[in-house]
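Throughout, numbering of the chain's residues begins at 1 and tracks the sequence. All heavy atoms count here, side chains included; hydrogens, waters and symmetry mates do not. We count ligands from 1, going down the list as the structure has it; atoms in each ligand are counted the same way.
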Amino acid sequence: MKIKIDKGKCIGCGTCVALAPDYFQIGADNKAELIKEEVADNEEAVKNAVANCPMKAISLEGEQDEA
Ligand code: SF4
């Protein structure tokens with residue numbers, strides 16, 4: 001699955017960086033940017049970042065249900 005950031009919504013709060021520092025960093029524009037977009041492991045950290053982004057600016061593509 002892949003991560004997408006909607007920079008139009010991002011306010012640069014840093015929550016995603018704190019929760020999943022392997023995937024997110026704050027860029028020169030003071031908005032979140034991806035270090036890598038493909039989620040291989042540490043998935044829970046990414047899902048935490050998605051769930052806790054105050055602007056709902058992060059989404060996941062191609063998420064698979066493991067039911
Ligand atoms: S948690 Fe959301 S609003 Fe905050 S920096 Fe990350 S993407 Fe931007």
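Between K2 and E61 there is no salt bridge, since none of the side-chain N atoms of the basic residue sits less than 4.0 Å from a carboxylate O of the acidic one. By the 4.0 Å N-to-carboxylate-O rule, D29 lies close enough to K7 to be salt-bridged with it.
Side-chain contact between K47 and M1 is present, with at least one heavy-atom pair separated by less than 4.5 Å. With contacts defined as side-chain heavy-atom distances shorter than 4.5 Å, the pair Q25/E33 qualifies.
Partner of F24 under the side-chain contact (heavy atoms from CB on, under 4.5 Å) criterion, out of I35, I58, T15, L19: I58 alone.
The shortest heavy-atom contact between E38 and Y23 is O-CE2, 3.7 Å.
Tally of protein N, O or S atoms closer to atom 6 (Fe) of ligand 1 than 2.8 Å: 1.
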